[in-house]
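A short worksheet on the structure shown next.
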Number of protein chains: 2
Amino acid sequence: MTAPVVHELRSDARDNQERILEVARAAFASEGFDVPIREIARRAQVGVATVYRRFPTKEALLAAAFAERMAACLTIVEEGLAAADPWQGFRLVIERLMEVHALDRGFARALTSKFPRVFDFAEGRGRALRGLAELLSRAKEAGGIRKDVVLEDVVLALMANEGIRADSPQARVAASRRFAALMIQSFRADPAPVPLPSPVRPSLPISQ
Amino acid sequence: MTAPVVHELRSDARDNQERILEVARAAFASEGFDVPIREIARRAQVGVATVYRRFPTKEALLAAAFAERMAACLTIVEEGLAAADPWQGFRLVIERLMEVHALDRGFARALTSKFPRVFDFAEGRGRALRGLAELLSRAKEAGGIRKDVVLEDVVLALMANEGIRADSPQARVAASRRFAALMIQSFRADPAPVPLPSPVRPSLPISQ
DNA sequence: ACCGTATCGGAGCACCCCGTCCGGTTCCCC
DNA sequence: GGGGAACCGGACGGGGTGCTCCGATACGGT
């Protein structure tokens with residue numbers, strides 16, 4: 001479903017495919033999904049045609065590269081649903097989703113971009129959103145979250161998180177952590193302010 | 001300073017320049033700043049060379065097109081500083097800045113992107129940020145905003161706002177309005193939750 | 001060791017982008 | 001209205017991207 005059939009491949013072809021996927025994941029994660037296929041082929045020490053033989057289009061490569069990220073997101077949501085305290089579960093899910101998105105720019109963009117093609121993203125995204133909706137509903141019922149917060153607000157927050165840029169992945173994660181705390185604060189029903197993680201310096205040249 | 005000299009231009013050249021700027025502003029606002037120069041020339045009913053004659057590089061055209069948006073941002077900040085209640089001023093500034101950014105995708109991206117070249121953006125951005133810092137400081141002192149909120153958080157919020165996508169400019173503005181309210185809520189020192197504007201549906205296909 | 005065949009990989013195609021060149025056109029002043 | 005300078009705009013060069021073709025290569029069963 002996610003990875004192409006590896007069974008009947010020759011050994012060198014299998015090695016190449018694995019190397020291509022590894023390289024593609026790393027490239028898309030750090031540089032976003034506009035990395036040229038040629039560049040991925042070069043880094044995987046492989047010809048362009050070899051990439052296209054395994055992944056007939058760039059979109060297919062993107063889908064394959066992001067499949068495990070999507071699985072990670074679904075796992076995060078399910079773990080959140082399994083948490084004893086729905087409020088804590090919700091909080092954790094937001095934090096962890098934002099961290100995944102911060103770690104992989106390409107995945108985040110792909111997720112919130114509407115790809116017309118096959119791309120089983122729609123299905124995974126739908127499942128994740130349904131899980132989020134359920135979690136949100138429970139957290140609201142338990143009194144942890146304002147009643148007037150809707151699922152669309154959570155989506156809004158996740159999209160917004162994607163707009164955050166920073167120079168390094170670490171800086172992005174730190175910024176996302178702070179941002180997650182701020183958003184959660186604004187969702188919270190309990191009026192008492194919660195402590196925030198340490199502030200971060202975004203990539204903008206501030207005051208100069 | 002912002003617009004090139006118009007004085008010694010022939011009448012047709014002046015007309016063309018104005019039409020190019022108009023078209024460029026509209027195009028960059030609605031489609032982001034990766035609109036091809038050819039396309040702008042076509043819409044302005046002008047040859048490519050004519051665009052390049054007035055604006056020697058695409059960056060120059062961007063700078064010229066965004067100059068008035070930058071002025072608008074500075075005006076917004078100054079009006080916020082002039083407000084009697086620093087908290088209300090801060091609130092209004094955030095809301096209005098986010099609205100401007102939502103209305104002009106290209107400008108938002110240009111602002112938070114670090115252009116290496118001339119681009120007097122750095123100066124305007126610096127002034128805006130200093131104003132924001134002053135406003136934030138006053139609002140904190142007046143007790144409207146949490147003491148642990150720093151200027152970087154405001155920048156974070158503005159960058160995040162840029163990540164919000166929607167199908168139409170109206171939808172973007174509505175989404176930004178909601179987002180601004182959420183962020184302001186999280187900055188607020190007063191524990192009582194404030195009402196939010198009506199929820200919005202982001203461009204993501206939700207639950208499907 | 002050998003050979004058929006799956007696989008490889010670089011050259012090549014079609015397209016799009018930014019920015020320039022130069023012959024033709026238009027304005028403006030007299 | 002006429003001439004010269006300012007101006008226009010399509011064609012062009014250089015570079016980049018997704019994707020394909022086909023001769024060269026390497027695997028692996030015999």
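In the text below, chain A, chain B and the rest are named by the order of the sequence lines, each starting its count at 1. All values derive from a computational prediction rather than experimental measurement.
Rounded to an integer number of Å, the gap from B:Asp15 CG to D:dC8 P is 10 Å. Taking atom CD of residue B:Glu39 and atom P of nucleotide C:dC17, one finds them 8 Å apart after rounding to whole Å. Look at CD1 on B:Ile40: it is 14 Å from C1' on C:dG19, rounded to the nearest Å. Atom CD of B:Glu18 and atom P of D:dC7 are 14 Å apart (whole Å). Between A:Arg19 atom CZ and C:dT7 atom P there is a gap of 15 Å when expressed in whole angstrom units. Rounded to whole angstrom, the span from the CD atom of B:Gln45 across to the C1' atom of D:dG10 amounts to 16 Å.
Residues passing the side chain to side chain contact (heavy atoms under 4.5 Å, CB included) test with B:Ala160, sequence neighbours excluded: A:Ala160, A:Ile164, A:Phe179, B:Phe179. Under the rule for a side chain to side chain contact (heavy atoms under 4.5 Å, CB included), the partners of A:Glu95 that lie at least two apart in sequence or sit in another chain are A:Arg91, A:Leu92, A:Ala180, A:Ile184. By the side chain to side chain contact (heavy atoms under 4.5 Å, CB included) test, A:Val149 is found to be paired with A:Leu136, A:Ile145, A:Arg146, A:Asp153, A:Phe187, residues two or more places apart in sequence or in another chain being considered. For B:Asp85, the salt bridge (charged side-chain N to carboxylate O under 4.0 Å, His left out) criterion is met by no residue, not counting sequence neighbours. Not counting sequence neighbours, B:Arg105 has no partner by the salt bridge (charged side-chain N to carboxylate O under 4.0 Å, His left out) test.
Close to C:dC8, at under 4.0 Å from its OP1 or OP2, lies a side-chain N or O of A:Asn16.
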Pairs under 3.5 angstrom only: tabulate donor-acceptor contacts from the side chains of residues 29-45 of chain B to other protein residues two or more places apart or in another chain.
residue: B:Ser30; atom: OG; partner: B:Ala26; partner atom: O; Å: 3.1
residue: B:Glu31; atom: OE2; partner: B:Arg43; partner atom: NH2; Å: 2.6
residue: B:Glu39; atom: OE1; partner: B:Arg42; partner atom: NE; Å: 3.3
residue: B:Glu39; atom: OE2; partner: B:Arg42; partner atom: NH2; Å: 2.8
residue: B:Glu39; atom: OE2; partner: B:Arg43; partner atom: NE; Å: 2.9

Indicate every side-chain donor-acceptor pair of residues 60-72 of chain A with a distance under 3.5 Å to a residue at least two apart or in another chain.
residue: A:Arg69; atom: NE; partner: A:Asp104; partner atom: OD2; Å: 2.8

Atom pairs under 3.5 Å, N or O on each side, protein against nucleotides 26-30 of chain C: can you list them with distances?
residue: C:dT26; atom: O2; partner: B:Arg10; partner atom: NH1; Å: 3.2
residue: C:dT26; atom: O2; partner: B:Arg10; partner atom: NH2; Å: 3.2
residue: C:dC27; atom: O4'; partner: B:Arg10; partner atom: NH2; Å: 3.4
residue: C:dC28; atom: OP1; partner: B:Ser11; partner atom: N; Å: 2.8
residue: C:dC28; atom: OP1; partner: B:Ser11; partner atom: OG; Å: 2.6

Query - B:Asn161 and B:Ser176: CA distance, side-chain angles, deciding distance, side chain to side chain donor-acceptor pair (under 3.5 Å) verdict - result: CA-CA 6 Å; B:Asn161 176 59; B:Ser176 277; 2.7 Å; yes

Requested in this report: Could you encode protein contacts along nucleotides 16-23 of chain D as a string, one character per nucleotide from 5' to 3', using B for base contact, S for sugar-phosphate-only contact and - for no contact, with a heavy-atom cut-off of under 4.0 Å?
Outcome: -SBBBB--

